[in-house]
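Heads up, the thing below is written out as structure tokens.
Ligands are counted one by one from 1 in listed order, and the atoms in each one are counted from 1 as well. Only this structure's heavy atoms are used, side chains among them; waters, hydrogens and symmetry mates stay out.
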Amino acid sequence: MTKLSVNINKIATLRNSRGGNMPDVQKAAVDVQDFGADGVTVHPRPDERHIRRKDVYDIKGVIKTEFNIEGYPSPDFLNLVKSVKPHQVTLVPDPPEAITSNAGWDTIQHLSFLQDVIAELKEYGIRTSIFIGTDAEMIIKASETNTDRVELYTEPYATHYPIDREKAIAPFVEAANLANKVGLKINAGHDLSLENLRFFNERIPFLKEVSIGHALIADALYLGLEKTIALYKDQLVKEK
Ligand SMILES: CC(=O)[C@@H](O)[C@H](O)COP(=O)(O)O
Ligand SMILES: NCC(=O)COP(=O)(O)O
């Protein structure tokens, strides 16, 4: 069954908005795991707009499932993840001013850089994943970085799903089959939701893990975190 890694960035956003420790991000990391998440994902951005470096260490201390840390491989970020040694690091090409992750890597232009970073992370026993679009050339080149996995950037799917879901999913099915063919394991994330997740999971072959945050935390404001995580997990149960 496809694993669900819950991204708790937006819990930190709420906490930071008042300057105290409510909601408690470390407690949220414990709770999402107790409620059935297969992992916790965070994205400590350079401006610490939500997840802070301290959060990363606090969460590391309570991980019983899998810890996935996302970020641009700056020297600061690499020092942080080498110190924390999460199960997985997901490398994203986000510039510091990006409002959110909105593109996959250009694995042709950045091949050598990614090869070096991935080799360094593997020396620390960290599983690597790189954020990628559905472009065939980028996926083929991604296999030359020696990354363990790619994470398919699913915003285009989520945007087009309400318009024409067959058209929305087609490039991602092709991309997943190609990634598998070139020896890459497959994660996916960004803008996945209760609306679009079941269809994505049913149609994408070889999918190992989805990381979901924004929509899940928004849903939890109405439904509660425990019920919301159960609903998202249910979307990942494949019909017999
Ligand atoms: C890599 C990805 O698509 C998301 O994890 C994104 O990085 C979320 O970041 P924000 O929560 O800052 O939007
Ligand atoms: N890698 C995607 C992620 O962790 C969460 O993205 P989103 O669900 O907040 O868009």
With the criterion set at N/O pairs under 3.5 Å, what does the list of contacts between the protein and ligand 2 look like, atom names and distances included?
unit_1, atom_1, unit_2, atom_2, d
ligand 2, 1 (N), Glu70, OE2, 2.5
ligand 2, 1 (N), Glu151, OE2, 2.5
ligand 2, 1 (N), Ser211, OG, 2.9
ligand 2, 4 (O), Asn7, ND2, 2.9
ligand 2, 4 (O), Glu70, OE2, 3.2
ligand 2, 4 (O), Ser211, OG, 3.4
ligand 2, 8 (O), Gly213, N, 2.8
ligand 2, 8 (O), His214, N, 3.4
ligand 2, 9 (O), His214, N, 2.8
ligand 2, 10 (O), Asp191, N, 2.8

**Q.** Ion pair check, Asp219 and Lys227, cut-off under 4.0 Å
**A.** no

**Q.** Ion pair check, Asp234 and Arg198, cut-off under 4.0 Å
**A.** yes

Q. Going by atom types only, do Ser5 and Glu209 share a side-chain donor-acceptor pair under 3.5 Å?
A. no

(Q) For a quick check: using heavy atoms under 4.0 Å, what are the residues in contact with ligand 1, sorted by chain and number? (A) Asn7, Asn9, Lys10, His43, Arg45, His50, Glu70, Val92, Thr100, Ser101, Phe131, His190

**Q.** Straight-line distance of Phe77 CZ to His43 NE2, nearest 0.5 Å
**A.** 7.0 Å

(Q) Can you tell whether the side chains of Arg53 and Asp76 come within less than 4.0 Å, N to carboxylate O? (A) no

Q.
Does either side chain, that of Glu70 or that of Asn9, offer a donor lying less than 3.5 Å from an acceptor on the other one?
A. no

Q | N-O pairing of Arg49 and Asp47 below 4.0 Å | A | yes

Q | Option from Asn177, Leu207, Leu152 for which side-chain contact (heavy atoms from CB on, under 4.5 Å) with Phe172 holds | A | Leu152

Q: Answer yes or no: is there an ion pair linking Glu120 with Lys82, defined by an N-O contact shorter than 4.0 Å?
A: yes

